[in-house]
Enquirer: 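Before we start, here is the structure in question, set down as structure tokens.
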Amino acid sequence: MTPAVTDRAAHVETIRGLACLMLVAYHVVGDTPMNGLQLPLDHPLSAANHLFVDMRMPLFSFLSGLVFHAIAGPGWSGVLPSVARKARRLLVPMVFVSTLHWLAKGLAVEEERPLWHILVLPYEHFWFLQATFLLMAAHYALTALLGGRDVRAAGILLVAGAVLFVGLDRWRPDVFSSYKAAYLAAFFFTGYLAGHWRAARDALRALSQSRWRGPAAVALLGLAVMVAVQTATDAAAPAAWSRDAVSIAVGLSVCIGLFVVRPVWSPLVRIGGYSYAIFLYHVFFTAGSRIVLERMFDWTDPWSLFLAGLVAGLAGPVGVWHLFIRNPATALLFLGIDLKPRGRTPSGRSGARPVRQHDPATG
């Protein structure tokens with residue numbers, strides 16, 4: 001059983017695969033000289049890692065919003081079931097996989113945080129699941145409150161999140177990654193509007209089919225990279241609030257630029273199809289491969305360790321997905337996938353729920 005990817009979604013899976021590459025590379029290299037490959041900040045790998053800081057998670061969030069669907073109808077009757085489905089898809093794997101990560105880290109190095117902290121506060125990359133769940137739940141509730149006007153709800157939450165992120169300092173404690181949800185709101189709901197607001201969808205489709213697509217996208221992506229280089233190298237040192245605004249601008253430029261280009265490359269499509277498993281489990285394999293190669297084989301070359309960690313961080317979770325998808329219990333607890341039968345097929349036979357292994361927003 002493998003994740004199915006339609007031709008229509010190939011460009012989305014390509015972008016998602018690119019985001020996976022960025023995320024895995026980030027954890028292989030490490031964000032400081034104290035973790036990952038422990039490289040100095042001026043090393044090319046470390047410099048590249050910091051260059052993409054405003055692009056990785058925005059891409060994931062933009063794509064999550066793009067495929068996210070609001071409740072059908074203006075009433076409140078669908079809110080709780082919809083929120084429950086997203087809790088199953090996002091929070092159940094978060095609890096079990098983050099606990100495994102906490103236990104593994106405790107065996108390798110001393111883990112100072114109590115276990116209950118990782119369930120209610122940001123922990124490693126799992127904060128993304130908490131923040132995304134908050135955005136989805138807020139959209140369900142506001143859509144129902146506005147009588148089913150899902151696009152209006154998305155616009156309100158987009159602006160509100162951006163204003164909170166730029167205008168306020170990070171609040172502590174950041175309960176359930178609520179501050180990070182404010183950060184992601186601009187990308188998540190821009191993706192939602194791109195996929196669900198007819199005017200935006202038609203405009204992006206027209207641009208993607210015009211002869212100006214290439215120059216427009218290159219200009220947008222080039223501007224984003226240029227600004228990212230300036231901030232990553234400290235050539236520009238804006239105030240805190242303007243740095244946050246720059247972060248949103250860079251992330252949106254990359255998301256929209258790639259979406260307009262609509263790239264399709266089959267290796268990235270394959271990677272993108274396993275994006276959720278890669279997101280959940282890549283750190284086990286990036287860290288594990290480095291420890292094995294350094295301690296058992298005395299590898300010290302950072303480029304070799306980087307390539308080995310990148311391959312392990314992408315391939316390992318694919319194996320985990322195929323292992324866990326075989327059993328309904330492990331599929332639910334460790335992938336958030338419900339394999340229980342959903343009624344009868346058109347032929348009258350009972351059928352299992354289709355497996356959709358794409359994005360945390362699906363399912």
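Just so we're clear, the structure is a prediction, and the values are computed from it rather than from any experiment. These values consider heavy atoms only, across backbone and side chains, with no hydrogens, waters or symmetry-generated copies.
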Enquirer: In terms of side-chain heavy atoms, does Ser247 have a donor or acceptor partner in Asp54 at a distance below 3.5 Å?
Expert: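 The answer is yes; a qualifying pair exists.
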
Enquirer: Applying the side chain to side chain contact (heavy atoms under 4.5 Å, CB included) criterion to Phe259, which one of Leu63, Thr190, Leu66 satisfies it?
Expert: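 Going through Leu63, Thr190, Leu66 one by one, the side chain to side chain contact (heavy atoms under 4.5 Å, CB included) with Phe259 is satisfied by Leu66 alone.
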
Enquirer: Side chains of Leu45 and Asn49: does their closest heavy-atom pair fall under 4.5 Å?
Expert: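 The answer is no; the side chains never approach within 4.5 Å.
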
Enquirer: Do Phe60 and Tyr26 share a hydrophobic cluster, counting only Ile, Leu, Val, Met, Phe, Trp and Tyr and linking them when any side-chain heavy atoms are less than 4.5 Å apart?
Expert: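 No; tracing contacts between hydrophobic side chains, which count when under 4.5 Å, never links both residues.
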
Enquirer: Does Thr330 form a side-chain contact (heavy atoms from CB on, under 4.5 Å) with Leu333? I'd like the steps, not just the answer.
Expert: CA-CA 5 Å; Thr330 56; Leu333 299 180; over 6 Å; no

Enquirer: Could you give the distance from NE2 (His139) to OG (Ser82), rounded to the nearest 0.5 Å?
Expert: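 His139 NE2 to Ser82 OG: 11.5 Å, rounded to 0.5 Å.
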
Enquirer: When you look at His43 and Trp303, which way does the ring pair (Phe, Tyr, Trp, His ring centres under 6.0 Å) test go after all the steps?
Expert: CA-CA 11 Å; His43 191 280; Trp303 292 97; 5.8 Å; yes

Enquirer: If we only count heavy atoms from C-beta on, is the Phe284 to Val320 side-chain gap below 4.5 Å?
Expert: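 No, too far: nothing below the 4.5 Å cut-off.
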
Enquirer: Taking a hydrophobic cluster as the set of Ile, Leu, Val, Met, Phe, Trp and Tyr residues connected by side-chain heavy atoms closer than 4.5 Å, whether directly or through intermediates, do Leu90 and Leu80 fall within one such cluster?
Expert: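 Leu90 does not cluster with Leu80.
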
Enquirer: At what distance, to the nearest 0.5 angstrom, does CZ of Phe176 lie from CZ of Phe133?
Expert: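 So the gap between those two atoms works out to 6.5 Å.
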
Enquirer: Please check this pair: side chain of Ser177 against backbone of Ala131, looking for a donor-acceptor N/O pair closer than 3.5 Å.
Expert: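 Looks like no, no N/O pair under 3.5 Å.
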
Enquirer: Output yes when a side-chain donor or acceptor of Ser46 lies under 3.5 Å from a complementary backbone atom of Asp42, and no otherwise.
Expert: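 Looks like no, no N/O pair under 3.5 Å.
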
Enquirer: With distance as the sole test, does Arg326 use its side chain to make a donor-acceptor pair with the main-chain N or O of His322 at under 3.5 Å?
Expert: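 Judged by distance alone, yes, a pair lies under 3.5 Å.
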
Enquirer: Mind jotting down which residue pairs meet the salt bridge (charged side-chain N to carboxylate O under 4.0 Å, His left out) criterion with at least one end in residues 170-197? Sequence neighbours excluded, please.
Expert: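 Of all non-adjacent pairs touching residues 170-197, those that pass salt bridge (charged side-chain N to carboxylate O under 4.0 Å, His left out) are Arg170-Asp174.
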
Enquirer: Looking at every non-hydrogen atom in both residues, tell me the closest pair between Pro317 and Ala312 and how far apart they are.
Expert: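 In this case the closest contact between Pro317 and Ala312 is CD-O, 3.7 Å.
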
Enquirer: Donor-acceptor check, side chain of Ser275 to backbone of Gly272, threshold 3.5 angstrom: yes or no?
Expert: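 Confirmed, Ser275 side chain pairs with Gly272 backbone.
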
Enquirer: Between His125 and His101, how do the two ring planes meet: parallel, tilted or perpendicular, split at 30° and 60°?
Expert: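 His125 and His101: perpendicular rings.
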
Enquirer: Test your reading of the model: is there a side-chain donor-acceptor pair from Thr132 to the backbone of Leu129, 3.5 Å cut-off?
Expert: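 Side chain of Thr132 to backbone of Leu129: no pair is present.
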
Enquirer: Any side-chain heavy-atom pair from Leu41 and Thr32 closer than 4.5 angstrom?
Expert: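 Side chain of Leu41 against side chain of Thr32, heavy atoms only: no contact under 4.5 Å found.
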
Enquirer: Would you say Leu339 and Asn327 make side-chain contact, with heavy atoms under 4.5 Å?
Expert: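 A side-chain contact under 4.5 Å is absent here.
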
Enquirer: Could you grab the distance from atom CG of Leu145 to atom CD1 of Ile156, nearest 0.5 Å is fine?
Expert: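 Leu145 CG to Ile156 CD1: 9.0 Å, rounded to 0.5 Å.
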
Enquirer: Sequence neighbours excluded, which residues qualify as side-chain hydrogen bond (donor to acceptor under 3.5 Å, both in side chains) partners of Ser304?
Expert: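 Asp301.
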
Enquirer: Could you tell me whether the side chain of Val254 reaches within less than 4.5 Å of the side chain of Pro58, counting heavy atoms only?
Expert: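 No, side chains not in contact.
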
Enquirer: Could you pull out the closest heavy-atom pair between Leu335 and Ala277, with the gap in Å?
Expert: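 Closest heavy-atom pair between Leu335 and Ala277: CD2-CB, 4.4 Å.
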
Enquirer: With sequence neighbours excluded, give me every salt bridge (charged side-chain N to carboxylate O under 4.0 Å, His left out) pair touching residues 119-134.
Expert: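 As it turns out, the salt bridge (charged side-chain N to carboxylate O under 4.0 Å, His left out) pairs with a partner in residues 119-134, which skip direct neighbours, are Lys105-Glu124.
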
Enquirer: Is it true that a side-chain atom of Thr286 and a backbone atom of Val283 form a donor plus acceptor pair closer than 3.5 Å?
Expert: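 Side chain of Thr286 to backbone of Val283: a pair is present.
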
Enquirer: Before giving the answer on ring pair (Phe, Tyr, Trp, His ring centres under 6.0 Å), spell out for Phe62 and Phe188 the whole-Å C-alpha distance, their side-chain angles and the decisive distance to 0.1 Å.
Expert: CA-CA 5 Å; Phe62 175 84; Phe188 182 88; 9.9 Å; no

Enquirer: Going hydrophobic residue to hydrophobic residue with side-chain gaps under 4.5 angstrom, can you get from Val29 over to Ile291?
Expert: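 Looking at the clustering, Ile291 is in a separate group from Val29.
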
Enquirer: What are the two closest non-hydrogen atoms of Ala154 and Leu193, and how far apart are they?
Expert: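 Nearest heavy atoms, Ala154 then Leu193: CB-CD2, 3.9 Å.
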
Enquirer: Could you pull out all residues at least two apart from Glu294 that satisfy salt bridge (charged side-chain N to carboxylate O under 4.0 Å, His left out)?
Expert: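 Partners of Glu294 under the salt bridge (charged side-chain N to carboxylate O under 4.0 Å, His left out) test: none.
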
Enquirer: Counting N and O atoms only, with roles assigned by atom type, does the side chain of Arg56 sit under 3.5 Å from a partner on the main chain of Leu23, one being a donor and the other an acceptor?
Expert: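 No, the answer is negative, given that no donor and acceptor are paired below the 3.5 Å cut-off.
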
Enquirer: From Ser98 OG over to Leu103 CG, what is the distance, rounded to the nearest 0.5 angstrom?
Expert: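 Here the interatomic distance stands at 9.5 Å.
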
Enquirer: Thr14: which residues meet the side-chain hydrogen bond (donor to acceptor under 3.5 Å, both in side chains) condition with it, sequence neighbours left out?
Expert: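 Residues passing side-chain hydrogen bond (donor to acceptor under 3.5 Å, both in side chains) with Thr14: none at all.
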
Enquirer: Spell out, yes or no, whether Tyr274 and Leu332 are grouped together once hydrophobic residues are joined by side-chain heavy atoms under 4.5 Å, including indirect joins.
Expert: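 Hydrophobic grouping puts Tyr274 apart from Leu332.
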
Enquirer: Can you name the closest pair of heavy atoms from Ala186 and Ile248 and give their distance?
Expert: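 So the minimum-distance heavy-atom pair works out to CB-CG2, 3.9 Å.
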
Enquirer: Looking at residues at least two apart in the chain, or sitting in another chain, which of them share a salt bridge (charged side-chain N to carboxylate O under 4.0 Å, His left out) with Arg152?
Expert: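 Partners of Arg152 under the salt bridge (charged side-chain N to carboxylate O under 4.0 Å, His left out) test: none.
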
Enquirer: So, taking the atom named CD1 in Ile118 and the one named CE in Met94, what distance separates them when rounded to the nearest 0.5 Å?
Expert: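 Here the rounded value is 7.5 Å.
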
Enquirer: For the residue pair His69 and His196, does the interplanar ring angle fall in the parallel (under 30°), tilted (30 to 60°) or perpendicular (over 60°) class?
Expert: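 If you compare the ring of His69 with that of His196, the planes turn out perpendicular.
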
Enquirer: Is a side-chain N or O of Trp102 found less than 3.5 angstrom from the main chain of Arg113, in a donor-acceptor match?
Expert: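 Yes, Trp102 side chain to Arg113 backbone: donor-acceptor pair under 3.5 Å.
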
Enquirer: side-chain contact (heavy atoms from CB on, under 4.5 Å) between Leu135 and Tyr140: does it pass, once the steps are laid out?
Expert: CA-CA 9 Å; Leu135 294 175; Tyr140 283 135; over 6 Å; no

Enquirer: Can you say whether the rings of Tyr179 and Phe165 are parallel (under 30°), tilted (30 to 60°) or perpendicular (over 60°)?
Expert: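 Geometry flag for Phe165 against Tyr179: tilted rings.
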
Enquirer: Closest approach of Ala185 and Gly161, non-hydrogen atoms and distance?
Expert: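 Shortest heavy-atom separation between Ala185 and Gly161 comes out as CB-CA, 3.8 Å.
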
Enquirer: With the side chain counted from C-beta on, respond yes when Phe324 and Leu280 share a heavy-atom pair under 4.5 Å apart, and no when they do not.
Expert: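 No, side chains not in contact.
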
Enquirer: Would you call the rings of Tyr192 and Phe68 parallel, tilted or perpendicular if under 30° counts as parallel and over 60° as perpendicular?
Expert: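 Tilted: the ring planes of Tyr192 and Phe68 meet at 30° to 60°.
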
Enquirer: Applying side-chain contact (heavy atoms from CB on, under 4.5 Å), run through Met22 and Leu59 and close with a yes or a no.
Expert: CA-CA 10 Å; Met22 292 182 180; Leu59 271 178; 4.3 Å; yes

Enquirer: Can you tell if the side chain of Thr143 reaches within under 4.5 Å of the side chain of Arg149, non-hydrogen atoms only?
Expert: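 In short, these two side chains do not touch, never coming nearer than 4.5 Å.
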
Enquirer: Between Tyr276 and Arg89 (side chain of the first, backbone of the second, donor and acceptor by atom type, cut-off under 3.5 Å), is there such a pair?
Expert: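 Checking the backbone N and O of Arg89 against the side chain of Tyr276, a donor-acceptor pair under 3.5 Å is found.
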
Enquirer: Looking at His50 and Asp31, what are the two nearest heavy atoms and their distance?
Expert: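 In terms of heavy atoms, the two residues are closest at NE2-O, 3.2 Å.
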
Enquirer: Main chain of Phe279, side chain of His282: is a donor-acceptor contact present, judged purely on distance under 3.5 Å?
Expert: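 Yes, the answer is positive, given that a donor and an acceptor are paired below the 3.5 Å cut-off.
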
Enquirer: Step by step, work out the side-chain contact (heavy atoms from CB on, under 4.5 Å) result for Phe128 and Ser64.
Expert: CA-CA 11 Å; Phe128 181 82; Ser64 295; 4.1 Å; yes

Enquirer: Hydrogens and angles aside, do Asp244 and Tyr183 bring a side-chain donor and acceptor to less than 3.5 Å of each other?
Expert: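 No, Tyr183 and Asp244 have no side-chain donor paired with an acceptor closer than 3.5 Å.
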
Enquirer: Between Met34 and Val53, is there shared hydrophobic-cluster membership here, with clusters defined by ILVMFWY side-chain heavy atoms closer than 4.5 Å?
Expert: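 Looking at the clustering, Val53 is in a separate group from Met34.
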
Enquirer: Taking atom CH2 of Trp299 and atom CG of Leu293, what is their separation to the nearest 0.5 Å?
Expert: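 Interatomic distance, Trp299 CH2 to Leu293 CG, rounded to 0.5 Å: 5.0 Å.
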
